[in-house]
Engineer: 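Could you have a look at this structure, given as structure tokens, before my questions?
Per chain, numbering begins at 1; letters A, B, ... match sequence-line order. Computation of the quantities below employed the complete heavy-atom set of this structure, encompassing side-chain atoms and omitting hydrogens, waters and symmetry-equivalent molecules.
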2 protein chains.
Amino acid sequence: MGAGGKKRGDILEDVGVYMREGPGKRFIEPRLLFLLRSAPAHGYELIRRMEEVPLPGPLPDTGAVYRALRRMEEEGLVSSRWADAAAGPRRKVYRITPRGRRRLQVWAEAIRGRVMLLQRFLELCSSGEERG
Amino acid sequence: MGAGGKKRGDILEDVGVYMREGPGKRFIEPRLLFLLRSAPAHGYELIRRMEEVPLPGPLPDTGAVYRALRRMEEEGLVSSRWADAAAGPRRKVYRITPRGRRRLQVWAEAIRGRVMLLQRFLELCSSGEERG
DNA sequence: TAATATATATGTCATTGACATATATATTAA
DNA sequence: TTAATATATATGTCAATGACATATATATTA
């Protein structure tokens, strides 16, 4: 449509992208942003608290979580610092950034769109039943 | 938990499986079952009508559609027969089976569960906003 | 005979994430 | 001292999925 198309930054905040989830994407990113939105946390804790997040899909594997956190840090959605633990090995504590908060809002918007679509689907499904 | 666990047939109709969608799965199967539920159709027609289905995700690629139809026939969700066209090459016309209708109902149930989860997520997101 | 629309199908490849394993620290039990 | 366990982060490897490109074939139109 418009001359030149979208710039990179626009695409990154494009609701459509998050509605689609990209190829094969689970909800790992919104899960992590959701948990970090209220308080910083390290990976292990995020993994333990993962089931608190009401999103569909299986709980992501630990490897996927750590890799997602590093990718999200590269993208500027979270920042991290090493911290000593009262006991056990050091922890890498992640904190959500303003960009991460914006991304979570984009996810929420996309999910609102999903819900509307899915509800239309369900309506059409049940209206078309009328006996087997 | 229960002795023996689930039998194969049970797993195939387990709502949880469809709520998760499996790794990387789009909504190709429910899209096709939804379109076929009202009338038989051949692959090319299903591809053209794909955007009628209110489900999230990009419209599936033609290759994915034909492969999905064949896989679904193996699974007994659809049956097919070759038919002459008024013009152009022969068509493989797919028809939904009783098993396919049941599968679509399982999908609908799973999607109802998804919607409930997603709505809880949205509520928690907006209740936790309280200013940027 | 060339191009286009219709129609089905396969080849190939990158992405994703599941599963397994590696590495390291601290605590507790033997 | 050693072994086992909980905590904590990270990498290796592989199968599944589907995106993109292409192949094959028929019929119509230019």
Engineer: Check the distance between D:dG18's P and B:Phe27's CZ and give it to me in whole angstrom.
Structural biologist: 11 Å
Engineer: Hey, is the main chain of B:Trp82 close enough, under 3.5 Å, to the side chain of B:Arg91 for a donor-acceptor pair?
Structural biologist: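 Absent.
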Engineer: Give the dot-bracket string for DNA chain D, reading 5' to 3', where a pair is Watson-Crick or G-U wobble with both distances under 3.5 Å, ( ) marks pairs inside the strand, [ ] marks pairs crossing earlier ones, | marks a partner on another strand, and . marks unpaired.
Structural biologist: ||||||||||||||||||||||||||||||
Engineer: For A:Arg91 and D:dA6, give me the distance from atom CZ to atom C1', rounded to whole Å.
Structural biologist: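 Value for this atom pair: 12 Å.
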Engineer: Whole angstrom is fine here: how far is it from CZ in B:Arg70 over to P in C:dT8?
Structural biologist: 11 Å
Engineer: Kindly point out which of C:dG17, D:dG18, C:dT6 is positioned nearest to the side chain of A:Ile28?
Structural biologist: C:dG17
Engineer: For A:Gly63 and B:Gly43, take the nucleotide of DNA chain C holding the closest heavy atom to each; which residue's nucleotide lies nearer the 5' end?
Structural biologist: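 Taking each residue's closest nucleotide, the earlier one in sequence belongs to B:Gly43.
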Engineer: Choose from C:dA7, D:dG12, D:dG18 the nucleotide whose nearest atom is closest to any side-chain atom of A:Arg67.
Structural biologist: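 Side chain of A:Arg67 sits closest to D:dG12.
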Engineer: Just to confirm, is there a sub-4.0 Å distance from OP1 or OP2 of D:dT7 to any side-chain nitrogen or oxygen of A:Tyr44?
Structural biologist: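 Yes, because at least one side-chain N or O of A:Tyr44 sits under 4.0 Å from OP1 or OP2 of D:dT7.
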Engineer: Among D:dG18, C:dA7, D:dT9, which nucleotide sits nearest the side chain of A:Lys92?
Structural biologist: D:dT9
Engineer: Starting from P on C:dC13, measure out to CG on B:Asp61 and report it in whole angstrom.
Structural biologist: 16 Å
Engineer: Go through the steps for A:Glu52 and A:Arg49 under the test salt bridge (charged side-chain N to carboxylate O under 4.0 Å, His left out), then give the verdict.
Structural biologist: CA-CA 6 Å; A:Glu52 291 174 25; A:Arg49 292 180 49 207; 3.1 Å; yes
Engineer: Out of C:dA26, D:dA8, C:dT8, which has the shortest distance to the side chain of A:Ala87?
Structural biologist: C:dA26
Engineer: Round to the nearest Å and state the distance from A:Ile47 atom CD1 to C:dG17 atom C1'.
Structural biologist: 14 Å
Engineer: Any chance CZ of B:Arg120 has more than 12 other-residue heavy atoms, nucleotides or ligands included, within less than 6.0 Å?
Structural biologist: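 Check fails, neighbour count at 12 or below.
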Engineer: Rounded to whole Å, please give me the gap between CG in A:Leu59 and P in C:dG17.
Structural biologist: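 Taking atom P of C:dG17 as the reference, CG of A:Leu59 is at 14 Å.
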Engineer: Using a 3.5 Å distance criterion without hydrogens, assess whether the side chain of A:Thr97 forms a donor-acceptor pair with backbone atoms of A:Gly76.
Structural biologist: yes
Engineer: Rounding to a whole Å, what distance do you find between A:Arg71:CZ and C:dT16:C1'?
Structural biologist: 11 Å
Engineer: Using the side-chain heavy atoms of B:Pro89, tell me which of these nucleotides is nearest: C:dA9, D:dT26, C:dG11.
Structural biologist: D:dT26
Engineer: Need to verify one output field. Residue with the more 5' nearest nucleotide on DNA chain C, A:Thr62 or A:Ala86?
Structural biologist: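 It is A:Thr62 whose nearest nucleotide is closer to the 5' end.
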Engineer: Give a yes or no on whether a salt bridge exists between A:Glu29 and A:Arg71, defined as a side-chain N under 4.0 angstrom from a carboxylate O.
Structural biologist: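 Between A:Arg71 and A:Glu29 there is a salt bridge, with a charged N closer than 4.0 Å to a carboxylate O.
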Engineer: Do we get A:Arg37 above A:Phe34's six-membered ring, with its NZ or CZ under 6.0 Å from the centre and within 45° of the axis?
Structural biologist: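 Yes - A:Arg37 lies over the ring of A:Phe34, closer than 6.0 Å to its centre and within 45° of its axis.
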Engineer: A:Ser80 and A:Lys92: which non-hydrogen atoms are nearest, and at how many Å?
Structural biologist: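 Result for this residue pair: OG-CE, 3.5 Å.
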Engineer: Do any side-chain nitrogens or oxygens of B:Arg90 fall under 4.0 Å of OP1 or OP2 in C:dT6?
Structural biologist: no
Engineer: Measure the distance from NE2 on B:His42 to C1' on C:dT8 and round it to the nearest whole Å.
Structural biologist: 10 Å
Engineer: Is there a donor-acceptor contact under 3.5 Å from the side chain of B:Arg103 to the main chain of B:Leu33?
Structural biologist: no
Engineer: Kindly say if A:Tyr66 contacts the phosphate of D:dA10, meaning a side-chain N or O under 4.0 Å from OP1 or OP2.
Structural biologist: no
